[in-house]
Each structure stands twice: as structure tokens, then as C-alpha cells.
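Convention: sequence-line order gives letters A, B, ...; per-chain numbering from 1. Computed from a predicted model, the values in this text were never measured in an experiment.
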Amino acid sequence: MLFVKQELLATLAAELDRLSPGAGSRAAFESPKVAAHGDLASTAAMQLAKPLKQNPRQLAQNLREALQNSESFQRWVEAIEIAGPGFLNIRLKPEAKQQIVREVLAQGSRFGVQAANGQRVLVEFVSANPTGPLHVGHGRQAALGDAICNLFQTQGWDVYREFYYNDAGVQIATLAHSTQLRAQGVKPGDANWPSGENAAAYNGEYIADIAEDFKAKKTVKSDDRAYTASGDVADLDSIRQFAVAYLRHEQDLDLQAFAVRFDNYYLESSLYTSGRVESAVNRIVAAGKTYEQDGALWLKSTDYGDDKDRVMRKGDGTYTYFVPDVAYHIAKWERGFHKVVNIQGTDHHGTIARVRAGLQAAHVGIPEGYPDYVLHTMVRVMRAGEEVKISKRAGSYVTLRDLIEWTSKDAVRFFLLSRKPDTEYVFDVDLAVAKNNDNPVYYVQYAHARICSVLSSWGGDVAQLTHVELASLQSVPALALMLQLAKYPEMLSAAAQDFAPHDVTFYLRDLAASYHSYYDAERILVDEEAVKLARLALVAATAQVLRNGLAVLGVSAPAKM
RNA sequence: GGCCCCGUAGCUCAGUGGAUAGAGCAACAGCCUUCUAAGCUGUGGGUCACACGUUCGAAUCGUGUCGGGGUCACCA
């Protein structure tokens with residue numbers, strides 16, 4: 001039906017141009033919410049009424065007659081009705097809707113996917129410092145980032161997944177110190193273990209594991225580094241390097257369990273060693289966008305819309321967090337990524353204006369509004385009616401791996417993608433393992449498994465369904481299902497545009513509901529061969545779209561459940 | 001106090017300036033000798049926080065108020 005819709009849109013555009021030159025470029029169809037309002041609707045008459053100084057209903061009447069005389073409308077449209085203040089409600093012939101089944105079966109996993117557009121996008125996400133296992137917030141970020149990458153891929157982008165982290169800094173020093181203490185036999189709670197409000201120590205049990213392996217002179221290998229422990233408890237530098245490699249490897253295992261992979265790991269420390277931080281600062285100073293005050297170097301970020309100026313270099317000579325971030329984004333730009341999306345927690349929102357201001361102040365040709373940000377809120381975990389706040393492994397927070405082990409990769413991904421990023425999410429562990437209608441991931445997967453079961457009972461080759469006669473598909477549930485299938489490509493491109501994977505989860509629930517209704521209303525494996533093949537084609541197409549959508553979310557589509 | 005996000009059915013949440021604002025859960029009433037009942041069908045439930053404005057039309061855009069959350073160099 002997509003090509004049907006394109007044909008009709010072209011006709012509408014031509015008619016609008018005839019009424020008012022230039023108006024055709026804004027031609028569009030809406031999808032009415034109420035079935036009684038038809039399959040497609042145009043609001044053009046109401047929009048043009050004022051500029052043309054005509055009565056909108058009369059305008060709609062003229063438009064209706066012109067459209068009815070066109071070749072494409074005569075072929076695909078059953079009726080055009082004028083409603084309310086001037087809506088044109090278009091009801092399609094069943095043949096128009098049946099076309100979608102052919103399109104889906106012919107295109108398979110490519111259905112909804114755009115041709116390569118030759119553009120690259122870098123998506124930065126997770127970016128956890130190697131100080132512990134990934135927590136559920138990182139999980140939300142991993143699910144979001146990976147799904148957004150998949151969405152970009154469907155729209156023809158060449159996608160690059162990047163993980164940015166700091167392997168130096170204060171937190172890493174704390175990590176090394178904590179590990180050293182555990183290696184020396186000091187435990188949290190002991191007199192000489194750091195405690196209190198500003199405790200500079202990590203209390204999780206995983207620190208003891210690192211200390212043990214360090215003393216055993218083990219070698220650890222992560223996706224981006226490898227290191228062999230010296231085993232010398234006094235060698236803080238070796239402890240630091242070993243702990244970082246160890247925890248990077250732990251995080252790799254977390255990500256592996258979640259089926260998320262990265263193309264690159266970028267080190268904050270490299271921005272210093274390569275001189276990129278200095279060079280960024282020098283550019284900004286040279287541009288006259290800084291000043292000295294109270295022993296610090298300030299950025300005139302208010303020149304770029306920030307609500308106050310920001311410290312770049314503190315009194316002790318070190319830089320504030322956003323400065324290396326500015327250098328990092330200049331690096332992204334110079335590496336050729338002119339489209340960049342950062343997935344971060346809402347607690348980072350304050351740095352956005354600073355980073356963007358710094359990028360403008362550096363005058364390296366980066367446009368305003370670079371990069372894009374997707375901010376997400378926190379995740380809380382409920383189990384057996386109570387909030388879970390700690391895990392044994394990490395000490396102070398629930399880990400991503402805990403959640404996956406309690407439920408499944410599929411459930412965690414689907415659940416974390418079932419809300420807008422800025423909606424706070426309460427993850428209900430009991431719901432995620434429930435095997436019923438309450439659990440959306442099973443509901444969607446079950447629709448797919450049911451179809452596979454029907455296809456398997458039939459036993460034929462799905463490929464031969466691509467060209468079967470579809471004219472018998474006329475029932476209300478069948479037409480509703482086809483209409484739902486037809487919405488997939490537009491839903492996908494809108495979701496990519498808005499960085500909104502949750503659109504996909506909502507769509508899949510709707511599609512699964514349409515299928516379950518259809519399944520209940522109409523038996524598929526009937527005696528009459530032509531009818532059976534047409535119905536098989538419809539459900540095979542449905543399974544294909546379910547698979548495509550689930551793949552975007554990184555959720556599996558099981559054939560049996 | 002400055003900035004950002006949020007306020008929609010009893011609960012959890014969707015909702016590209018369009019028509020009678022939707023879904024799931026919860027409640028109630030039904031549907032399995034037939035392809036997976038992990039399913040389906042139906043019923044009830046709303047001052048879209050509030051006020052004003054923009055316009056043919058506002059849950060959606062603007063301004064303000066109230067309420068909730070986040071954040072504000074010397075953590076990252």
C-alpha cells in the first residue's frame with residue numbers, strides 16, 4: 001500500500017498546486033483515529049481556505065471532484081467523503097490494502113528499510129567509567145543507544161557505536177586505592193577503611209575479586225586492552241592498570257549478556273596525552289571567549305545562550321569536566337562525524353549548554369546545536385512488591401547483569417524501551433517473568449510464535465506466498481491487520497527522526513493485538529486452497545514485520561514458546 | 001533563586017496543530033471437540049493541573065501560576 005499511498009499523494013499534490021501554486025509541496029495524508037473517518041484523510045481544504053478566501057467545505061467539494069476524476073483515485077479509492085469543517089476522508093478499496101502483503105513478502109527483512117544515504121552518524125552511549133559493573137541506568141542507556149543505532153541503520157545511515165571513558169582521574173585513583181586495601185586484607189568496616197560522608201572507597205565485593213586476581217598475577221583482556229598484574233601489593237600503578245582492565249572486561253561481559261557491541265572505546269586520558277585538551281583551550285582563549293577571575297579561567301558561555309559563564313580551569317590548574325568533553329567533540333567532528341548523538345542521563349543536562357558553547361567558541365566550523373542529546377531518567381527496580389536497592393556484587397546498586405539473570409535479555413531490553421526516555425521507569429521483575437497478557441514482551445513474541453506454528457502446520461514454502469491471489473482478504477480484522485502493516489515504514493522513520501525507540505514497542509504491541517484479533521476471528525488453514533494461501537500470505541507478512549521491529553529493539557522473535 | 005524535564009482514566013503510560021483524547025492493568029460479563037487460551041470479545045471509567053493568549057481548529061504552540069523531579073566550577 002505504500003506505493004499506492006505515494007501515487008495518491010502525488011495526485012493530491014498536483015491538484016493542490018493547481019488550486020494554489022506551491023501548495024502541493026505541503027500535501028500530506030493523516031491516518032484518522034476513527035475507522036468511520038476512512039483510511040486516509042486530508043486537511044488541505046481547511047488550510048487553503050484562508051489564503052484562497054474560499055469556503056473550506058466548498059473547496060473540499062471541488063477538490064473531491066478533481067481527485068475522483070484522477071486515474072490513481074479511480075483505481076485505488078472506494079469513496080471520498082467530506083466531513084466536519086472540511087475534512088476529506090478517503091476510503092481505500094480492499095485491493096489497495098492487499099498490496100501491502102506483497103510488498104512485505106517481497107522485501108522481507110528489508111521492508112521498512114531505506115537505501116544507504118551515504119552519511120555517517122556516531123552514537124555515544126553507556127560511557128561508564130571502569131569503576132564497577134554496569135548498573136540498571138547503564139542498561140537503559142545501552143538499550144536506548146543500541147536501538148537508536150538500529151533505527152538509524154534502517155534509515156540508511158552508516159552507524160558508528162562509541163563508548164567513552166576515563167581511565168585516569170580521581171575515581172580511578174579511588175578504585176586503585178580500594179583494591180590495594182583489599183589486597184592488603186583491609187575490608188569495608190575495618191578501622192582503616194575509608195568511611196563516612198566523603199568516603200573515597202568502593203565497597204562492593206567485586207573489589208575483593210580484583211585484589212585476589214591481582215595477587216595471583218593474572219592477565220585480563222577486555223575489548224580494548226589487556227594487562228598482566230605484577231602481583232606487587234605496593235605497586236599502585238600496576239594495581240590501577242589491572243583494576244581498569246579487569247572492570248572493562250566485566251563491563252564487556254555485561255554488554256555481551258545484553259547483546260550490545262561497540263565499534264570503538266575512546267579514552268578521556270588520550271585527549272590530554274594527544275594535546276587535544278590544550279589545543280581546544282588555546283583556540284577558545286585565542287578567540288577571546290575567556291577571562292581570568294578568582295584564580296580560575298572562565299568561558300564566556302553566556303555569549304552562546306548559557307545562563308552563566310563557566311569555569312574551564314580551576315585554581316589548581318586542572319580542567320573542569322566539560323573541557324575535555326569539548327576537546328572530545330572537536331575530535332568527533334574532525335574524525336568526520338558531522339552527525340553525533342549522545343545518550344546520557346538527565347543529570348548531565350547541565351553540561352549540554354557548556355559543551356555546545358565551548359564548541360562554538362573554539363571556532364572550528366561546528367554548527368550550533370551540535371551534538372544531539374538524548375537524556376534519560378533513572379530506573380528503579382521492584383521485586384516481590386519491594387524496591388531492590390542493592391546487590392551483593394556491586395554493593396550499592398542493582399546491576400544490569402542481576403536484572404538479566406532474574407529475567408531475560410529480551411525482557412530487559414523491551415521493558416527499558418517501553419517508555420519515553422524522559423519518563424522515570426520502574427522495572428517490575430515479577431512482571432518481566434510473567435507468562436501472560438500483562439507482560440508485553442511475551443505478548444508480542446507470542447504473536448510471532450503463533451504464526452510460526454500455523455506456517456509449520458501448513459508445511460509449505462513461505463517464498464511461494466509472495467505472488468498468491470489476495471482478493472479474498474476482505475474481512476474487517478484482515479483489513480485492519482493490513483492497514484497496521486502498512487504503517488510500519490512511516491512509524492520507523494518517525495521513530496528514527498525523534499530518537500524514539502518506544503514508538504517501535506508501542507507499534508509492535510498494536511500489531512500483535514491486530515494479529516491476535518485476526519487469528520481469533522478467522523481460521524487460516526481452511527479447505528479452500530486460494531483462501532488458505534491468501535491468509536497464509538497475510539500472516540507470513542505479519543510475522544516478517546514483527547521480526548523486523550523486534551530486531552530494531554534487539555529482542556528475539558522465537559518460533560516456539 | 002537560575003536552567004531542564006514532567007503533570008492525561010482508579011494505577012502504569014502513549015498521543016507528528018485536527019474530528020467523539022487512546023492502550024495495558026485493575027473491575028464486571030462472556031468465548032477453548034478446530035491452526036499455541038502466553039489468546040479473543042464486550043461494558044463501565046476523563047474539568048488532558050489551572051488561567052490567559054495564538055488560529056478555521058490546542059492535550060499538543062506561547063506567556064504566567066500551582067504541584068512533582070533533576071541539576072547548578074573545585075565528582076565524572
Engineer: What nucleotide among B:G39, B:G15, B:A38 has an atom nearest to a side-chain atom of A:Tyr442?
Structural biologist: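 Among B:G39, B:G15, B:A38, the one nearest the side chain of A:Tyr442 is B:A38.
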Engineer: Provide the Watson-Crick or G-U wobble partner of B:G1, both distances under 3.5 Å; none if there is no partner.
Structural biologist: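 Its partner is B:C72 (Watson-Crick or G-U wobble, both distances under 3.5 Å).
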Engineer: With rounding to whole Å, what would you report as the distance between B:G39 and B:A26 at their P atoms?
Structural biologist: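 It works out to 11 Å between them.
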Engineer: Nearest heavy atom decides the nucleotide; on that basis, is A:Tyr321 or A:Tyr519 closer to the 5' end of RNA chain B?
Structural biologist: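 Comparing both residues, the 5'-ward one is A:Tyr519.
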Engineer: Between B:C13, B:C56, B:A76, which nucleotide gets closest to the side-chain atoms of A:Phe506?
Structural biologist: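 Selected nucleotide: B:C13.
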Engineer: Measure from NZ or CZ of A:Arg450 to the centre of the six-membered ring of A:Tyr519, then state whether that distance is under 6.0 Å and the direction lies within 45° of the axis.
Structural biologist: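 Pair A:Arg450/A:Tyr519 counts as cation-pi.
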Engineer: Counting C-beta onward and ignoring hydrogens, is there a side-chain heavy-atom pair between A:Arg140 and A:Arg419 closer than 4.5 Å?
Structural biologist: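 A side-chain contact exists here, since the closest heavy-atom pair is under 4.5 Å.
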Engineer: B:G22 and B:C31: how far apart are their P atoms, nearest whole angstrom?
Structural biologist: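 About 29 Å, rounded to a whole number of Å.
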Engineer: Provide the distance between the two P atoms, one in B:U8 and one in B:G15, to the nearest whole Å.
Structural biologist: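 It comes out at 14 Å once rounded to the nearest Å.
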Engineer: Within this structure, what is the CD1-to-P distance between A:Ile352 and B:C5, rounded to whole angstrom?
Structural biologist: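 Rounded to the whole Å, the gap is 10 Å.
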Engineer: Would you say a side-chain N or O of A:His502 is under 4.0 Å from OP1 or OP2 of B:G15?
Structural biologist: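 The answer is yes; a side-chain N or O of A:His502 sits under 4.0 Å from OP1 or OP2.
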Engineer: Indicate whether OP1 or OP2 belonging to B:A73 is found under 4.0 Å from a side-chain N or O atom of A:Lys314.
Structural biologist: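 For B:A73, OP1/OP2 do not have a side-chain N/O of A:Lys314 under 4.0 Å.
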Engineer: Where does the angle between the aromatic ring planes of A:Tyr518 and A:Tyr515 fall among parallel (under 30°), tilted (30 to 60°) and perpendicular (over 60°)?
Structural biologist: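 A:Tyr518 and A:Tyr515: tilted rings.
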Engineer: Between A:Tyr373 and A:His348, is the gap from one ring center to the other below 6.0 Å?
Structural biologist: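 Judged by ring-centre distance (under 6.0 Å), A:Tyr373 and A:His348 do not meet the cut-off.
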Engineer: Quickly work out the A:Arg450 CZ to B:A38 P distance and round it to whole Å.
Structural biologist: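 Atom CZ in A:Arg450 sits about 8 Å away from atom P in B:A38.
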Engineer: Determine the contact category for A:Gln344: base if any of its heavy atoms lies under 4.0 Å from a base atom, sugar-phosphate if only primed atoms, P, OP1 or OP2 are that close, otherwise nothing.
Structural biologist: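 The answer is nothing, as A:Gln344 stays clear of every strand by at least 4.0 Å.
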Engineer: Using whole Å, report how far NE2 of A:His376 lies from P of B:U71.
Structural biologist: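 So the two atoms are 13 Å apart, to the nearest Å.
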Engineer: Would you kindly give the CE-to-P distance between A:Met491 and B:G15, to the nearest whole Å?
Structural biologist: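 Nearest whole value for this atom pair: 13 Å.
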Engineer: Could you give me the CA-CA distance, side-chain angles and deciding distance for A:Asp303 and A:Lys289, then say whether salt bridge (charged side-chain N to carboxylate O under 4.0 Å, His left out) is met?
Structural biologist: CA-CA 8 Å; A:Asp303 285 1; A:Lys289 292 295 179 184; 3.1 Å; yes
Engineer: If you assign each of A:Arg509 and A:Pro32 to its closest nucleotide in RNA chain B, which residue comes earlier from the 5' end?
Structural biologist: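 Its nearest nucleotide being more 5', the pick is A:Pro32.
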Engineer: For a quick check of understanding: with a heavy-atom distance under 4.0 Å over all strands, which category does A:Val170 fall into, base, sugar-phosphate or nothing?
Structural biologist: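 The answer is sugar-phosphate, as A:Val170 gets under 4.0 Å only of primed atoms, P, OP1 or OP2.
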Engineer: When all nucleic acid strands are considered with a 4.0 Å heavy-atom cut-off, which category describes A:His348: base, sugar-phosphate, or nothing?
Structural biologist: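 The answer is base, as A:His348 lies within the cut-off (heavy atoms under 4.0 Å) of a base atom.
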Engineer: In terms of relative ring orientation, are A:Tyr425 and A:Phe415 parallel, tilted or perpendicular, with 30° and 60° separating the classes?
Structural biologist: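 Because their plane-to-plane angle is over 60°, the rings of A:Tyr425 and A:Phe415 count as perpendicular.
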Engineer: Specify the separation, in whole Å, of atom CG of A:Asp520 and atom P of B:C35.
Structural biologist: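 Answer to the nearest Å: 12 Å.
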Engineer: Could you give the distance separating B:G67 and B:C25 at their P atoms, to the nearest angstrom?
Structural biologist: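 These two P atoms come out 36 Å apart once rounded.
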Engineer: Looking at B:A59, which nucleotide sits across from it as a Watson-Crick or G-U wobble partner, both distances under 3.5 angstrom, or is there none?
Structural biologist: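 Answer to the pairing question: none, since B:A59 forms no Watson-Crick or G-U pair.
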Engineer: With a 4.0 Å cut-off on heavy atoms, is A:Asn89 in touch with a base, just the backbone sugar-phosphate, or nothing at all?
Structural biologist: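 The residue A:Asn89 makes base contact.
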Engineer: Which whole number of Å gives the distance between the C1' atom of B:A58 and that of B:C48?
Structural biologist: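 Going atom to atom, C1' in each nucleotide, I get 11 Å.
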Engineer: Could you check which nucleotide pairs with B:A38 in any of the strands shown, counting Watson-Crick or G-U wobble with both distances under 3.5 Å?
Structural biologist: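 The answer is none; no pair meets the criterion.
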Engineer: Looking at A:Glu386, I want to see if its CD is surrounded by more than 12 non-hydrogen atoms of other residues, nucleotides or ligands under 6.0 Å.
Structural biologist: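 Counting neighbours around CD of A:Glu386, 12 or fewer heavy atoms of other residues, nucleotides or ligands fall under 6.0 Å, so no.
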Engineer: Under 4.0 Å, heavy atoms only, any strand: does A:Ala494 hit a base, just the sugar-phosphate, or nothing?
Structural biologist: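 The answer is nothing, as A:Ala494 stays clear of every strand by at least 4.0 Å.
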Engineer: If you check every side-chain atom of A:His349, which of B:A14, B:G70, B:A19 has the closest atom?
Structural biologist: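 My answer, after comparing the listed nucleotides, is B:G70.
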Engineer: Any side-chain N or O of A:Thr346 under 4.0 Å from OP1/OP2 of B:G70?
Structural biologist: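 Indeed not, no polar side-chain atom of A:Thr346 lies that close.
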Engineer: I need the CZ-C1' distance between A:Arg380 and B:G69, as an integer number of Å.
Structural biologist: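 About 11 Å, once rounded to whole Å.
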Engineer: Could you tell me whether A:Ser457 contacts a base, only the sugar-phosphate backbone, or nothing, with contacts defined as non-hydrogen atoms closer than 4.0 Å?
Structural biologist: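 Sugar-phosphate contact only - A:Ser457 comes under 4.0 Å of backbone atoms but never of a base.
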Engineer: How is A:Ala49 classified with respect to the nucleic acid when contacts are heavy atoms under 4.0 Å: base, sugar-phosphate, or nothing?
Structural biologist: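 Nothing, no nucleic acid heavy atom in range.
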Engineer: Using whole Å, what does the distance between atom P of nucleotide B:C56 and atom CG of A:Leu52 come to?
Structural biologist: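 Nearest whole value for this atom pair: 14 Å.
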Engineer: Compute both the distance and the angle, then confirm whether A:Arg310 meets the cation-pi test with A:Trp298: under 6.0 Å from the six-membered ring centre, within 45 degrees of the axis.
Structural biologist: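 Not satisfied by the 6.0 Å and 45° rule.
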Engineer: Which class fits the ring pair A:Phe125 and A:Phe262: parallel under 30°, tilted 30 to 60°, perpendicular over 60°?
Structural biologist: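 Plane angle between 30° and 60°, so tilted.
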Engineer: Expressed in whole Å, how much space separates the P atoms belonging to B:A21 and B:A49?
Structural biologist: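 After rounding to an integer number of Å, I get 15 Å for this pair.
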Engineer: Supply the atom-to-atom distance A:Leu67 CG to A:Ser42 OG, rounded to the nearest 0.5 angstrom.
Structural biologist: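 Those atoms lie 8.0 Å apart.
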Engineer: Nearest to the A:Met561 side chain among B:A76, B:A38, B:G18, which nucleotide is it?
Structural biologist: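 Ranking B:A76, B:A38, B:G18 by closest atom to the A:Met561 side chain puts B:A38 first.
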Engineer: Relative to A:Phe163, does A:Arg248 satisfy both conditions: NZ or CZ under 6.0 angstrom from the six-membered ring centre, and within 45 degrees of the ring's axis?
Structural biologist: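 So A:Arg248 does make the cation-pi contact.
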Engineer: Is the base of B:C32 syn or anti, if syn means a glycosidic angle within 90° of 0?
Structural biologist: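 B:C32: syn glycosidic orientation.
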Engineer: Would you measure the distance from the P atom in B:C5 across to the matching atom in B:G10 and give it in whole Å?
Structural biologist: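 Comparing P positions in B:C5 and B:G10 gives a spacing of 28 Å.
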Engineer: Whole angstrom is fine here: how far is it from NZ in A:Lys487 over to C1' in B:A14?
Structural biologist: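 My rounded result for the distance is 14 Å.
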Engineer: So if I take every side-chain heavy atom of A:Tyr443 and compare against B:G39, B:C35, B:A19, which nucleotide ends up nearest?
Structural biologist: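 Selected nucleotide: B:G39.
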Engineer: Which residues in residues 419-427 of chain A have at least one heavy atom lying under 4.0 Å from any atom of RNA chain B?
Structural biologist: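 A:Arg419, A:Lys420, A:Asp422, A:Thr423, A:Glu424, in order of number.
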Engineer: Could you check whether A:Glu30 gets within reach of a base, just the sugar-phosphate, or nothing at all, counting any heavy atom under 4.0 Å?
Structural biologist: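 Touches a base.
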Engineer: Give a yes/no answer on whether the side chain of A:Lys33 brings an N or O atom under 4.0 Å of OP1 or OP2 in B:A19.
Structural biologist: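 Result: yes.
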Engineer: Among B:A37, B:G24, B:C40, which is the nearest nucleotide to the side chain of A:Ser517?
Structural biologist: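 Output: B:C40.
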Engineer: May I ask you to say what A:Ala512 touches in the nucleic acid, namely base, sugar-phosphate or nothing, with a heavy-atom cut-off under 4.0 Å?
Structural biologist: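 Nothing, no nucleic acid heavy atom in range.
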Engineer: Which nucleotide, in any strand shown, forms a Watson-Crick or G-U wobble pair with B:G64, with both distances under 3.5 Å?
Structural biologist: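 For B:G64, the partner nucleotide comes out as B:C50, under the 3.5 Å rule.
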Engineer: Using both distances under 3.5 Å as the test, list the Watson-Crick or G-U wobble partner of B:G22, or none.
Structural biologist: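 The base-pairing partner of B:G22, which may sit in any strand shown, is B:C13.
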Engineer: To the nearest 0.5 Å, tell me how far A:Gln344 CD sits from A:Glu124 CD.
Structural biologist: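 CD of A:Glu124 is found 6.0 Å from CD of A:Gln344.
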Engineer: State which of B:G18, B:A76, B:A37 makes the closest approach to the side chain of A:Thr351.
Structural biologist: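 Shortest atom-to-atom distance from the side chain points to B:A76.
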Engineer: C1' atom, B:G64 versus B:G45: distance in rounded Å?
Structural biologist: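 Here B:G64 and B:G45 have their C1' atoms 33 Å from each other.
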Engineer: Considering every strand and a 4.0 Å limit on heavy-atom distances, what is the contact class for A:Ala353: base, sugar-phosphate, or nothing?
Structural biologist: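 Nothing, no nucleic acid heavy atom in range.
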Engineer: From C-beta outward on A:Glu268, which listed nucleotide comes closest to its side chain: B:A76, B:A38, B:C40?
Structural biologist: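 Given the options B:A76, B:A38, B:C40, the side chain of A:Glu268 is closest to B:A76.
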